[in-house]
Amino acid sequence: MANESPADEIPSRYDASQSDPALYQAWENGGVFRAEASDSKRNGGPADPYVIVMPPPNVTGVLHMGHGLNNTVQDVLIRWRRMCGDTALWVPGTDHAGIATQNVVEKLIAKEGKTRDDLGREAFLKRVEEFVAEKGGVILKQLRAIGASADWTRTAYSFSPELSRAVREIFVRWYEDGLIYRGHRVTHWCSRCLTALSDEEAESHPAQGLMYHIRYLLVGDASKSIVVATTRPETLFGDVAVAVNPADERFTAFIGTRVINPANGLEIPVIADDYVDKEFGTGALKITPAHDANDFEVGKRHKLAMPIILDPHGMVAEGADAAGRVPAPYAGLDRFDARKRVAKDLDKAGAMVKTEQHHNAVRRCYRCDTVVEPRLSDQWFVKMAPLAAPALAAVKDGRIRILPERWEAVYVNWMENIRDWNISRQIWWGHRVPVFYCLSPKAGCPAHFASRDDAPRCPGCSGGTRQDNDVLDTWFSSQLWPFSTLGWPDKTPDLGAFYPTDVLVTAPEILFFWVARMVMSGMYVTRSEEKPEGVVPFHSVYLTGTARDAQHRRMSKSLGNGIDPLDVVALYGADALRWTVIAGMGIGTDLLLDHEHIDQSFAPGRNFATKLWNIGRFLLLQVGAEPVKPVASLSPHELISADHWILARIDAAVAASNAALGPPRPRDGGAWSDSEHKLGLRLDEYAESARAFVWNDLADWYLEHAKTRLAPGHPERETARAVLVHAFDQALRLLHPVMPFVTETLWQKLPGRGADEWLAQAAWPSRGGHGDAKAAAAFDAERAGATAIREIKSQYGIPHSQTVQATMTGSAVLEHLFKYPDFVQKASGATLVAPDQIREETAARRILPNGIEVLVALDGIVDFAKEREKLGTELTELTKQLGALRGRLGNEKFTSKAPPAIVEAERAKEAEWAARAEQLASKLQSLGSA
RNA sequence: GGGCGAAUAGCUCAGUUGGUUAGAGCACCUGCCUUACACGCAGGGUGUCGGGGGUUCGAGUCCCUCUUCGCCCA
């Protein structure tokens, strides 16, 4: 190496693993992510608040691609608004995740051969707490690795004393308002988790099963019988009736008679009920009130017994009201074994008419995938209809928008058909239901009461009480997140400053679990005289897509097709991960990542980070560390066309980015208007417009152009330095929300950077208006000219390094070009000569859309057939289009009916195309004669 | 079964109230180590806008219908 370039002193690759962790630490130490309640306009401060509450991951969870995707979106929004001058608050936290965490610990102690009952409630809870203390919160550290700029000083935990107080507060209020009640009904029961579940927690899965047709003989006349169809013959022990539709003539004679339950020999009545569908199955239905929600309703109407014939573990057993209903051989059988056994025995006894394949849906526990059993029990419910009404209205009138919009219909549909929410769980890990029972109830003592205190006295007799054993659904505490994390029920400065929040970013599958319930509870707790309906907790819900593999399968542990975000960070850097996530995810579209080729999946992000790095490297080497003049201080005559051009491009990029990111909040502060309802949150479009500016405008053209002027001693060096540094500075600002690490690292190195300045807190670019459009057009002509010469050279296989002679004719802007030919010459590998220096008969040519003709001297190698073909194809195409255009303009209906502006534009187009066609035709003619 | 949505380049998707010769990224093809970057540069568009019908001066865009696929809730 004779001449070692100074570039070798700075590596040509950005090493994220080297600098990112320290940079993150510096941000955090510098309080960059901290939001002050006193800064919020709502507390008399100077800035608009912009608030996002992070969907709390399970406290013992670890980061997966879903988190990576979701939190990157949130971080982009928060960083964007922070730079825009808002008091941007991102509230992080974790969820105690009742069933999920309890399951994990139960598995742990199972390895020691123990169950939770062996330990007892207190010891078990201590064990869970220890586990959480040891393993919990890992995910919050992992979120830092991907650059999440959350305000960690406000980290919340759904099971903390503060948030537990909020849980108890709303429970008591709802209880006292009559919105929480004790219900005796059929709910979903998980026989593995040993708890009841809400409708939402029992997920429907399509299944293929058997439909059993079973004969029930008529009491007193065995020649007559009714055939009943069921998919669950093991529940026959719980049958208390056979029901038929009163209008079904096939069975009219049976109504009021009794039939024999073939499974246990008991006599049961035949009843008539409109619920029975004549078309379904055999038209006759067995009624098992304790093990089917619909049968329960039928049972209530007809005042039937409701025997429970399955124990909590899903074993056949004589439960409440079931004495004498389960014959001995079946007792203790697992429900699925019992199903086979019953079917077999009925078959033997001649009661099984037939079995057939049947499609149906089976509900499974969302935490352990066990098929849930409908089972009659006493549970705590929230009455939803009164809460749903305002929450429904908020979406309908635009106070809340849901993007993508189609989810609004889903939300509305759910709200309109809402069912009461079972909130009690028979597990131990969670907020204990704050309902108490008098230990020695007398007349005047309430059956139960809710209390904010841990050990209240009975309000009737002042005697001792015991607390309900159940705990609350995890989602009961999650629903409070937008206000419980800010201090509610106290009127804290934070609550005043930051509620309502702005955007909620989450996955569609928890729209009902979480989002809808936050709306309902948030509106409930903020009801006031001025706002009787309450205040919506956020104005926008952004539902992200799902991370999927190349075959469009959802990424999952069991499929082994996941990608660990931390692996990606280690290999390519957090910026590469973030870029890929943002650029690849349009609104509502899934993120497709190939787990078998993660290099390919993340290369675009990594490559772009490297590109930025190298732009910075060039800049630092060529521009030096000396301060530059502010662009605003440069007088217009100092700027040349390229400067005007890049300044105009910056403005265009800023405008495009702003449009893509959209209005941060509804303009009138209330509801979204129809015109802005769908605007913004197009993060992929923002990323792409910023990328295109940096790469295709700044690096490909302006930076190349600046090389000459940056030469030491060049008279325009200072101007070029100033504009280039300005342009790159703006570019880094524009890109910072997506690629915070590499942009901050480079920004810190820019000339004139003061101490304690952070890009993360720097101002978002605003449109400067410095670029003069007319001056910029001259540079466009240069670019077009250079491109045309390159194209000709490429077509004739002439390497870039081989210089050719070229010229241009036909436009006033060319004056400028011949005065400053350096750039076009360098960019295209050509020497620009006067038009008369090139003989037409030895030249290849292009005719640019603006009428400029480019000629490249190709003595001896120009291929006229090729030239004719090229021009000819273009002319043919243009003639065709022009014909259509003229047809339109000649059509009186068009000219009279279309808006004048459109007609005018079409006429202008016609003139332009005609001129071009003429130019092409004339060149073609001269080529033909050559 | 009820509700909602989608179908545009090889892949993933834009295409705003009907109005340029339908676009982008990735992939792909050709050439190039042009001293910031080969994780790069230059050049190249590869399309019956799912099929059929209709409304309109004009349809990728609106309506009807068929086909295929997806999502939510039962």
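Residue numbers begin at 1 in each chain, while the letters A, B, ... track the order of the sequences.
For E688(A) and A14(B), a side-chain-to-base donor-acceptor distance below 3.5 Å is absent, hydrogens and geometry of angles not being considered.
Here the C1' atom of nucleotide U12(B) and the CG atom of D549(A) are 14 Å apart, to the nearest Å. Note: CD1 (I418(A)) to P (C72(B)) measures 18 Å, nearest angstrom. Atom C1' of nucleotide C72(B) and atom CH2 of W514(A) are separated by 20 Å, given to the nearest angstrom. In this structure, the CZ atom of R406(A) is 15 Å from the C1' atom of C73(B), given to the nearest Å. Distance, E405(A) CD to U16(B) P: 14 Å, rounded to whole Å. R846(A) places its CZ atom 12 Å from the C1' atom of G44(B), with the value rounded to the nearest Å. Note: CD (E910(A)) to P (U20(B)) measures 17 Å, nearest angstrom. Note: CG (D684(A)) to C1' (U12(B)) measures 11 Å, nearest angstrom.
Using C1' as the reference atom, G5(B) and G50(B) are 16 Å apart when rounded to the nearest Å. To the nearest whole angstrom, the two P atoms, one in G10(B) and one in U46(B), are 11 Å apart. Taking the P atoms as reference points, C66(B) lies 15 Å from G1(B), given to the whole Å. Look at the C1' atom in both C69(B) and C29(B): the space between them is 32 Å, to the nearest Å. Separating the C1' atom of U8(B) from that of A59(B) is a span of 14 Å, rounded to the nearest Å.
With U20(B), C37(B), A14(B) as the choices, the nucleotide that has an atom nearest any side-chain atom of K909(A) turns out to be U20(B). Closest to the side chain of E685(A), from the set A36(B), A14(B), G40(B), is A14(B). Closest to the side chain of F512(A), out of C72(B), G40(B), U21(B), is C72(B). Nearest nucleotide to the side chain of A898(A), out of U20(B), C4(B), G19(B): G19(B). Nearest to the side chain of W407(A), among C71(B), G19(B), G25(B), sits C71(B). Proximity note for W913(A) (side chain, C-beta onward) versus G3(B), A36(B), U20(B): the nearest is U20(B). With A36(B), G19(B), G43(B) as the candidates, the nucleotide lying closest to the side chain of F618(A) is A36(B). When the nucleotides U21(B), A42(B), A74(B) are ranked by their closest atom to the side chain of A361(A), A74(B) comes out on top.
When only modelled atom types and interatomic distance are considered, Y366(A) and E201(A) share a side-chain donor-acceptor pair under 3.5 Å. With hydrogens and angles left out, the side-chain atoms of E791(A) and Q795(A) include no donor and acceptor closer than 3.5 Å. A donor-acceptor contact closer than 3.5 angstrom is absent between the side chains of R790(A) and S828(A).
OP1 and OP2 of U35(B) both lie 4.0 Å or more from every side-chain N or O belonging to K707(A). Remark: R790(A) is in phosphate contact with G43(B), judged by side-chain N or O atoms under 4.0 Å from OP1 or OP2. Residue K826(A) places no side-chain N or O under 4.0 Å from the OP1 or OP2 atom of U35(B). Between H552(A) and U12(B) there is a side-chain N or O to OP1 or OP2 distance below 4.0 Å. Between N614(A) and G40(B) there is no side-chain N or O to OP1 or OP2 distance below 4.0 Å. Regarding contacts with the backbone of G58(B), every side-chain N or O of R888(A) stays at 4.0 angstrom or more from both OP1 and OP2. Checking the phosphate oxygens (OP1, OP2) of C4(B), no side-chain nitrogen or oxygen of W414(A) falls inside 4.0 Å. Under 4.0 angstrom from either OP1 or OP2 of C37(B) there lies at least one side-chain N or O belonging to R617(A).
Among the protein residues, R548(A) comes within range of no part of the nucleic acid, since none of its heavy atoms lies under 4.0 Å from any strand. S801(A) comes within 4.0 angstrom of no nucleic acid atom, judged by non-hydrogen atoms across all strands. Here I615(A) lies in heavy-atom contact (under 4.0 Å) with a base. If you check every strand for non-hydrogen atoms under 4.0 Å, P899(A) touches a base. Residue contacts for R682(A): at a heavy-atom cut-off of 4.0 Å it reaches no nucleic acid atom on any strand shown. Counting any heavy atom pair closer than 4.0 Å across all strands shown, D700(A) reaches sugar-phosphate atoms only and no base atom. Residue-level contact check: T787(A) touches the backbone only, with heavy atoms under 4.0 Å from sugar-phosphate atoms and none from bases. Contacts of W579(A) with the nucleic acid, taken as non-hydrogen atoms under 4.0 Å apart, are absent. L703(A) comes within 4.0 angstrom of a nucleotide base, judged by non-hydrogen atoms across all strands. Residue S794(A) is in sugar-phosphate contact alone, with no base atom involved, counting any heavy-atom pair closer than 4.0 Å across all strands shown.
Under a 3.5 Å cut-off, the side chain of R916(A) and the backbone N or O of I847(A) do form a donor-acceptor pair. Here the side chain of Y686(A) pairs a donor or acceptor atom with the backbone of L734(A) at under 3.5 angstrom.
Across all strands shown, A24(B) pairs with U12(B); the Watson-Crick or G-U wobble distances both stay below 3.5 Å. Across every strand in view, G31(B) sits in a pair with C41(B) that passes the Watson-Crick or G-U test at under 3.5 angstrom. Pairing for C49(B) is absent, with no Watson-Crick or G-U wobble pair whose two atom distances lie under 3.5 Å. When both pairing distances are held under 3.5 Å, C62(B) makes a Watson-Crick or G-U pair with G54(B). With both pairing distances under 3.5 Å, U68(B) is matched to A6(B) as a Watson-Crick or G-U wobble pair.
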Chi angles and distances behind the salt bridge (charged side-chain N to carboxylate O under 4.0 Å, His left out) call for E416(A), K396(A)
CA-CA 12 Å; E416(A) 286 177 343; K396(A) 281 190 167 173; 3.0 Å; yes

Criterion salt bridge (charged side-chain N to carboxylate O under 4.0 Å, His left out) on E688(A) and R682(A), from CA distance to verdict
CA-CA 10 Å; E688(A) 171 53 21; R682(A) 263 60 178 183; over 6 Å; no

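For the atom pair M415(A) CE and M384(A) CE, the distance stands at 7.0 Å (nearest 0.5 Å).
Contact of the V395(A) side chain with the W407(A) side chain is not registered, since no non-hydrogen atoms from C-beta on lie closer than 4.5 Å.
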